[in-house]
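First comes the structure, then the notes that go with it.
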Amino acid sequence: LLGNVPPTHKTVMKIFLRRIILSPAELGAVVAELPEEKRMSKEQLNEAVTALLGLGWLKQVEKNGQMVYTVQQITTGR
């Protein structure tokens with residue numbers, strides 16, 4: 001499923017599998033606590049989030065007056 005996805009995108013998606021909803025600040029804090037080999041710059045994180053939003057894997061929503069990111073859930077009709 002994630003085979004052809006850049007490592008930064010995989011890391012971000014793995015974070016969202018553990019915590020479904022995150023604000024940009026929360027996501028940045030989680031990334032900052034990753035092991036050094038998984039950590040990414042703010043620019044790399046922004047690029048990954050933008051790409052994942054474009055792919056439809058993440059979506060941006062407003063919750064309690066705050067913008068947050070969440071996993072885009074797709075139903076398959078099962």
Side-chain angles (χ1 to χ4, degrees):
L1 178 66
L2 296 177
N4 295 329
V5 176
T8 54
H9 296 39
K10 288 180 187 180
T11 298
V12 171
M13 286 309 298
K14 287 178 183 178
I15 291 168
F16 276 98
L17 291 175
R18 288 185 221 118
R19 294 185 57 188
I20 301 297
I21 298 173
L22 290 165
S23 71
E26 291 169 330
L27 179 56
V30 171
V31 168
E33 293 180 9
L34 290 172
E36 189 173 336
E37 66 274 4
K38 297 281 186 182
R39 219 171 294 146
M40 61 191 86
S41 69
K42 194 172 194 173
E43 182 178 289
Q44 289 172 309
L45 176 58
N46 289 339
E47 289 173 4
V49 168
T50 299
L52 292 166
L53 287 167
L55 290 169
W57 291 15
L58 294 179
K59 67 179 178 177
Q60 188 174 323
V61 296
E62 186 176 322
K63 183 176 179 182
N64 300 326
Q66 180 182 17
M67 191 280 293
V68 295
Y69 300 118
T70 187
V71 175
Q72 175 69 41
Q73 297 180 2
I74 300 172
T75 57
T76 59
R78 290 184 192 178

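We number each residue from 1, following the sequence as shown.
- Taken from NZ in K10 to CG in N4, the straight-line distance is 8.0 Å, to the nearest 0.5 Å.
- Inter-residue side-chain proximity for F16 and L58 is flagged as met; some heavy-atom pair is nearer than 4.5 Å.
- Partners of Q60 by side chain to side chain donor-acceptor pair (under 3.5 Å), not counting sequence neighbours: none found.
- Using a distance-only test at 3.5 Å, with no hydrogens or angles considered, a donor-acceptor pair links the side chain of T70 to the main chain of I20.
- No side-chain heavy atom of E62 sits under 4.5 Å from any side-chain heavy atom of Q66.
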What donor-acceptor contacts under 3.5 angstrom involve side-chain atoms of residues 24-38, with partners at least two apart or in another chain?
from	atom 1	to	atom 2	distance (Å)
E26	OE1	S23	N	2.8
E26	OE1	S23	OG	3.4

Next item on the list: Determine, stepwise, if the pair I21 / Y69 fulfils side chain to side chain contact (heavy atoms under 4.5 Å, CB included).
Entry: CA-CA 6 Å; I21 298 173; Y69 300 118; over 6 Å; no
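- Here the shortest heavy-atom pairing between M40 and T8 reads CE-O, 3.8 Å.
- Nearest approach of A51 to H9, heavy atoms of both residues: CB-NE2, 3.2 Å.
- The nearest pair of heavy atoms linking V68 to K63 is CG2-CB, 4.0 Å.
- Side-chain atoms of M13 and W57, non-hydrogen and from C-beta on, do get closer than 4.5 Å to each other.
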